Novice: 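To start, I am sharing the structure in question, which I have written as structure tokens.
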Amino acid sequence: MTKSLFIPGLALFVVILALSLPRFPALDRYVTPDEPKWLMRSANLYKAITDFDLISTYQHEHPGVTVTWAGMAGFIRQYPQYVDIRPGQIERAEKLFIFLRNHEISPMRILAAGRFFIVIFVIAVISLAFLVTYRLLGLVCAFLGFIFIAFDPFFIALSRLLHVDGLVSALMLLSLLSYLAYLFYGRKLYFLLISGLSAGLSWLTKSPAFFLMPFIGLVALTELISNYREQKRTEAASKLSLAKHTWIAFAPALGWTVIACLSFIILWPAMWVDPLNTLKNIFSQAAVYAIQGHENITFFNGRVYPIGDSAWNFYPISFLWRTTPPVLVGLGLALLALIFNHKLRIPRSKQRTILYLLLYAALFTLMMSLGDKKFDRYILPAHLACDIIAAFGWVALADTIISRLADRVSTRAKQLGMLI
């Protein structure tokens, strides 16, 4: 390994270690309420694929396809004979547990194996996102941001489960960062491919990830306006037309959409045989969740909410409860750094990256706030973006302090030189 790659390689190793240490231990010590259902869906997917029953690869409207892949891998690792013994699809998790216990198989062992593959998937995605962020924001900011992510207690908890929220948050972050890297780091095609593929995988994981589609459109529109105005302010020898600027801004978004949609279709057999009903089920049920809200009375922040109702400020308050003091302080520092950018002279690409991350976190939270069914884990994608923004704030503070100290040392040196 060359000297130039040693430090980034070491940083990547530390990030992977930081991600691994709190996630791999004790995966067989607990069960959360939704995981038995995901284990059942994983068993059904395993059976559907081996029987070439493609329509049954649709298991849920979330749709949770990537989660059931991980669960299926858990079955293959712990109980590959399942598909040879079990006659068909299961509609209730209790039936699966009865079946497994009758065959002297521990459901907990299969669940832990499925969680193991979720952790592997999450670590791979976050590690790749770290490398992308290294290109966008520099090594120090990327390293600190992903240490924040690695030890984010809320993310640790949700990325150890056979569940959708931890994985979809990682995939959405990778997609957004890779798209920004494509725009700001030489328009290299592999960044666009990574972004589109991870977007398609995020859609296969949980339907709110479709938020990425209008957001990428918003990024394209913002870049169009920014670049066109920049040209107007300068005396460029060969100015581009508005149509040319529009193509430059929206062509990547169009390519991203094609890659994401192809990934979504190719990696989900249900889309091969019944695409219209599959999509209809996803979006109609998402609307039901948003409109009807919770099916039970809920308690939040000292108040009881009736069925179907929720607090308008649920997510801002939940964010404060779930994040950490270093991240909160870092967010404040980042805002100050953006406000006083003219003094700090932050490179334009870094400034735009942080602004897009802020916009992503804010708009995603706003979108989820419009629905009446609210859980704190639903805005985990915003938490990961805020972890990176907070790191940027701390690095900006450190750069300012170092710069001021260097100026003082230089001034004192000059003064001493004059005296001598």
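Computed from heavy atoms alone, side chains included, the values below leave out hydrogens, waters and symmetry copies. Here the structure is a predicted model, which means the values were calculated and not measured.
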Novice: Is the backbone N or O of I346 less than 3.5 Å from a side-chain atom of N341, with the two atoms forming a donor-acceptor pair by type?
Specialist: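 Checking the backbone N and O of I346 against the side chain of N341, a donor-acceptor pair under 3.5 Å is found.
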Novice: With sequence neighbours excluded, give me every side-chain hydrogen bond (donor to acceptor under 3.5 Å, both in side chains) pair touching residues 261-273.
Specialist: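 Pairs touching residues 261-273 that pass the test: none.
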Novice: For the residue pair R23 and F116, would you count it as a cation-pi contact if the rule is NZ or CZ under 6.0 angstrom from the ring centre and within 45 degrees of the ring axis?
Specialist: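 The answer is no, since R23 fails at least one limit relative to F116.
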Novice: Say whether N281 and E61, considering side chains only, have a donor N or O and an acceptor N or O under 3.5 Å apart.
Specialist: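 Side chains of N281 and E61: no pair found under 3.5 Å.
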Novice: Taking salt bridge (charged side-chain N to carboxylate O under 4.0 Å, His left out) as the definition, give me every residue that meets it alongside K47, ordered by chain and number, with sequence neighbours left out.
Specialist: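 Checked K47 against salt bridge (charged side-chain N to carboxylate O under 4.0 Å, His left out); matches are D51.
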Novice: Do F191 and Y179 have their ring centres less than 6.0 Å from each other?
Specialist: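 Centroid separation for F191 and Y179: 6.0 Å or greater.
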Novice: Checking R160 against Y30: is there a side-chain donor and acceptor pair closer than 3.5 Å?
Specialist: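 Looking only at side-chain atoms, R160 and Y30 do form a donor-acceptor pair, the distance falling under 3.5 Å.
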Novice: Tell me whether the guanidinium CZ or amine NZ of R86 lies under 6.0 angstrom from the six-membered ring centre of Y82 and within 45° of its axis.
Specialist: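 Verdict for Y82: no cation-pi partner in R86.
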Novice: Heavy atoms only: give me the nearest S202-M172 pair and the separation to one decimal.
Specialist: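 Where S202 meets M172 most closely, the heavy atoms are CB-CG, 3.9 Å.
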Novice: In this structure, which one of L384, L131, L197, V125 forms a side chain to side chain contact (heavy atoms under 4.5 Å, CB included) with L174?
Specialist: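 Between L174 and the candidates, side chain to side chain contact (heavy atoms under 4.5 Å, CB included) is satisfied uniquely by V125.
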Novice: Within the structure provided, determine whether F143 and T133 are in side-chain contact (heavy-atom separation under 4.5 Å).
Specialist: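 They are not in contact (no side-chain heavy atoms under 4.5 Å apart), so the answer is no.
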Novice: Can you name the salt bridge (charged side-chain N to carboxylate O under 4.0 Å, His left out) partners of R115, sequence neighbours left out?
Specialist: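 Listed in chain order: E35.
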